[in-house]
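In the text below, chain A, chain B and the rest are named by the order of the sequence lines, each starting its count at 1.
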Amino acid sequence: MAQTPRYRFAPSPTGYFHVGGARTALYNWILALQSNGVFVLRIEDTDDSRNNPQWTQGILDALAWLGIDNKDSHFEGPFFQSANAALHVEAAEKLFAQGAAYYCDLSSEDIQKRAKESGKQGYDGYSRDRGLGPGEGRVLRFRVPEGATIVQDQVRGSVEFDNSTIEDFVLLRGNGSPVFLLANVVDDVTQGITHVVRAEEHLPNAPKQQMIWRALGHEPPVWAHVPVLVNEQRKKLSKRRDKVAVEQYREEGILSVAMKNYLMTLGWAPIGDTEIVPFEKITAEFDLSSVNHSPAFFDIVKLHSFNADYIRAMPVDEFIRACEPWLVGAKAPWQAQDYDAKVFAEIAPLVQTRVQLLQDVPSMVDFLFCDLPTIDDAAFTKAFAPEWASATLIEIRDAFKTCEFTPDALKAVVEAVGEKHSLKLGKMQAPLRVAVTGRSVGPPLFEPIAMLGRDATLKRIDVALAKKV
RNA sequence: GCCCCCAUCGUCUAGUGGCCUAGGACACCACCCUUUCAAGGUGGCGGCACGGGUUCGAAUCCCGUUGGGGGUGCCA
């Protein structure tokens, strides 16, 4: 009679949604799907001054973006830890009543002083047998028993902690409020959690929490502590130092599929030689026991590569739709009336293979949606440096006045001028490109010129030529 | 300091005693293709931290060293 596995993800709403959190959420979600179990979302909003309700919505939005949908039948929540405060205190009182916890009136300063005098670190169990009752300013501490605590971990195997190395930790603060260690366990117990899959930084908490589970009369859950994500300095990714906000990646135009796929290749790999695989394959193959034991570097360059790959794989019309937020509205670099969706649709296939992020798209096509392009000075200087630059551009302009205005015809014109001067097309087009687009690189030239039309093109060439003198 | 975890190319990984003169991906380099830039193709560079065992045989098992990381809060 196997019970339904219940996984949980328990973020605290203290800021933008962390990519490390996203990975942990994904792990729990996949595991819940695999086992036809439940993914419980619990917002750990216990009275920390850093908490802010706005972040809760951010968590929900980010999870939804990742496909962890709160309307899915496997999803339960969100529950709020703050709503369970009474339960936490009740559990603490139970622990006190049965002698598993005791009150202590020492302040942090007192403890530090005693530690200094004894030469040993941490709290020394001073109040263990003083028989103190509850009272203002008194904390409730867990009475850590003798012996050892063995944590069975799905990623790491069994990890043994000598209880003598674990001090009597605080359960209730001096003001009576529960701390994370307690609240987290009580919520897991009351929510029937069977599997705790979280980041490795919590591994030292596991023996303590396991003791609380047992003292409360329950069998502890299955633990799994997955390696943390690190930066190039090999330090745990931090909100202060590193770019970790899922929201930010999303705004830059990272695709959710790419983010999910990339995140899942950190510490784990799908079967076979291909890393870019459908989420269904990942869901089918993912296995905690094959998760790596060491920290993984969150490599933005590789994320970008995954993203570019996914962008290229999109059907064109889907790509066009995906670009929309960057083309219309507040993010667009041009006036709304200058933008023409039909023109973009025409050039879209040419930009699709050239972007890594959706936010890169506007700067690649903006010259189509303005009167005159902004000329990049460096590009201009370089393109017009050769002595043949202006002369050939003049010839091209004159030919453009009468030629057929199709990509092929335009190309033929430029090639003809090039032949006359013994110049290759690649070189020849540089001044033309800068004149028309303002830049030295971009999508193939003749298609956009044809789109622009004769008048606009001639005008741009003349402006560039004038700038030269 | 103490406790715990970890160790394959620069990075992410495959590898669970013989299939490994260690495979793939990102990055980098070269060449091909080419309308700039991409994309694509081909090739290249580059790694089992070190030292001892165990074994006919070790990247894989054991021990030690070194190195990294996490924790050590009346944060979560």
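Of all nucleotides present, none satisfies the Watson-Crick or G-U wobble test against B:rU54 with each distance under 3.5 Å. Pair assignment for B:rU21 gives none, since no Watson-Crick or G-U wobble pairing has each distance under 3.5 Å. If you check B:rC26 for Watson-Crick or wobble pairing at under 3.5 angstrom, you find it paired to B:rG10.
Residues passing the ring pair (Phe, Tyr, Trp, His ring centres under 6.0 Å) test with A:F279: none are found, sequence neighbours excluded.
Between A:F180 and A:H202, a ring centre-to-centre spacing shorter than 6.0 Å is recorded.
Ring orientation note: the planes of A:H195 and A:Y7 are close to parallel, at an angle under 30° on the 30°/60° scale.
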Just the atom pairs and distances: protein N or O near nucleotides 58-63 of chain B's N or O, under 3.5 Å.
none

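For the pair A:R141 and A:Y123, the cation-pi test (distance below 6.0 Å, angle within 45°) is passed. For the pair A:K467 and A:F380, the cation-pi criterion (under 6.0 Å, within 45° of the ring axis) is fulfilled.
Annotation: of the two residues near RNA chain B, A:E44 and A:E415, the 5′-most nearest-nucleotide partner is A:E415.
A heavy-atom distance below 4.0 Å to RNA chain B is reached by these residues of residues 153-162 of chain A, ordered by number: A:R156, A:V159, A:E160, A:F161. Sorted by residue number, the members of residues 225-242 of chain A with any non-hydrogen atom under 4.0 Å from RNA chain B read A:R234, A:K235, A:K236.
Applying side-chain hydrogen bond (donor to acceptor under 3.5 Å, both in side chains) to A:H225 and the options A:H293, A:R198, A:E201 leaves one that passes, A:R198.
Counting only heavy atoms from C-beta on, A:S294 has its side chain closest to B:rU8 among B:rU8, B:rC75, B:rG69.
In this structure the side chain of A:I396 reaches within 4.5 angstrom of the side chain of A:M428, judged on heavy atoms.
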Result block: side-chain N/O donor-acceptor pairs under 3.5 angstrom for residues 411-425 of chain A, not counting sequence neighbours:
| from | atom 1 | to | atom 2 | distance (Å) |
| --- | --- | --- | --- | --- |
| A:K420 | NZ | A:E395 | OE1 | 2.9 |
| A:H421 | NE2 | A:E395 | OE2 | 2.7 |

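A:D188 and A:R42 are joined by a salt bridge, as a carboxylate oxygen and a charged side-chain nitrogen come within less than 4.0 angstrom of each other.
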Take nucleotides 36-49 of chain B nucleotide by nucleotide from the 5' end and write B, S or -, depending on whether a protein heavy atom sits under 4.0 Å from the base, only from the sugar-phosphate, or from neither. BBBSS---------

After noting the C-alpha distance and the side-chain angles of A:F446 and A:F400, does the key distance pass the ring pair (Phe, Tyr, Trp, His ring centres under 6.0 Å) rule? CA-CA 12 Å; A:F446 303 108; A:F400 275 9; 7.7 Å; no

